[in-house]
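Encoded as structure tokens, the structure appears first; notes follow it.
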Amino acid sequence: MAAQIISGVEIAKTIRAELKEEVAGLKEKNIVPGLVTILVGEDPASQSYVSAKNKTAKELGINSEQITLPVDTTEEDLLALVDKCNKDKKVNGILVQLPLPKHINEAKILYAIDPDKDVDGFHPVNVGKMVLGEQCFLPCTPHGILEMLIRSGIETSGKEVVILGRSNIVGKPMANLMLQKRKAGNATITLCHTRTADTDFHTRRADILIAAVGVPNLVKADQVKDGVVIIDVGVNRIGKTESGKAILAGDVEFESVKEKASFITPVPGGVGPMTITMLMKNTVQAAKQAAGII
Ligand code: GUN
């Protein structure tokens, strides 16, 4: 039996409609959430993510500004810009798109963002609070995946969740969130990475498999069990159409694995729209907190 497709586009649409209403309500109190996105350089994938974030923000009534800086921007200049945004009362959320050029120390920039404006949830204060299960900004991709699981009615309690990839943006926070006593939590977690001795052994036991490694079509049908839930975080550019549009593939071989899975997220149209939507949710939350609401 073929899997049910989890449409991130549809779930994101529902959450965005909720947020749009919330933003309209805030406007009546003269509160307009403000987001600044900062992109350094011209990486095409980063450019497309950042412009999608800005477009979505504007659609929801969020005041969104995109700042694009040249690839040779100094660390000092970027720190000065972050500092300016930290001090600007109209700015509730600051997002510095990663990866940054090699000459800039990523940690130094992320640590400089005011934790109250850290809508990516990457600042150590927010990471620490997340691990402790305290109220904070959750990182957008793991947060979006939790929402997808909840809104698709997928049980996680007591399940074997196998995560592929140990990045700070997806793998590590995902593992942490799903082991917590929370909605879409209470799972038993295995996190596999490049040094895992026998990854297939783990993937074949997974009730829920979350792939976030950045290798196109890595996971094949013979590496998963019948009825598995597949969350594919990979956004791999494997070519271009004649009109120059990027052709995308996930980390999971969709066509074969969907015949075995019970649920599967497509690429594109799966996790991606959820990541952007949770950024919007965090920005609205930041604006409310700045205004003393909640
Ligand atoms: N690069 C890849 N994913 C993300 C993300 O969620 N936030 C930022 N700032 N950069 C990213």
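Counting starts at 1 for both ligands and their atoms, in listed order. Quick caveat: nothing in here was measured; it's all calculated off a predicted structure. Each residue takes its place number in the sequence, starting with 1.
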Contact check: [X] vs ligand 1, nitrogen or oxygen atoms, below 3.5 angstrom:
X	value
Leu95	no
Gln97	yes
Asp120	yes
Ile169	no

Task: Worked check of side chain to side chain contact (heavy atoms under 4.5 Å, CB included) between Thr37 and Ile67 - done: CA-CA 6 Å; Thr37 58; Ile67 300 176; over 6 Å; no

Task: Remaining members of the apolar cluster that contains Leu39, side-chain heavy atoms under 4.5 Å - done: Val50

Task: Connected hydrophobic set around Leu164, excluding itself, where side chains approach under 4.5 Å - done: Ile5, Val162, Leu209, Val213, Val215, Leu218, Val219, Val224, Val228, Ile230, Val252, Phe254, Val257, Ile264

Open item on the list: Can you tell me which portion of Tyr49 lies within the under-4.0 Å heavy-atom range of ligand 1? Options are side chain, backbone, both, or neither.
Closed with: neither

Task: Electrostatic pair Asp207:Lys225 at N-O distance under 4.0 angstrom - done: yes

Open item on the list: Counting non-hydrogen protein atoms only, what is the nearest one to atom 10 (N) of ligand 1? Give residue, atom name and distance.
Closed with: Leu98 N, 3.0 Å

- [ ] Ignoring hydrogens and angles, state whether a donor on the side chain of Ser256 or Glu253 is under 3.5 Å from an acceptor on the partner side chain.
- [x] yes

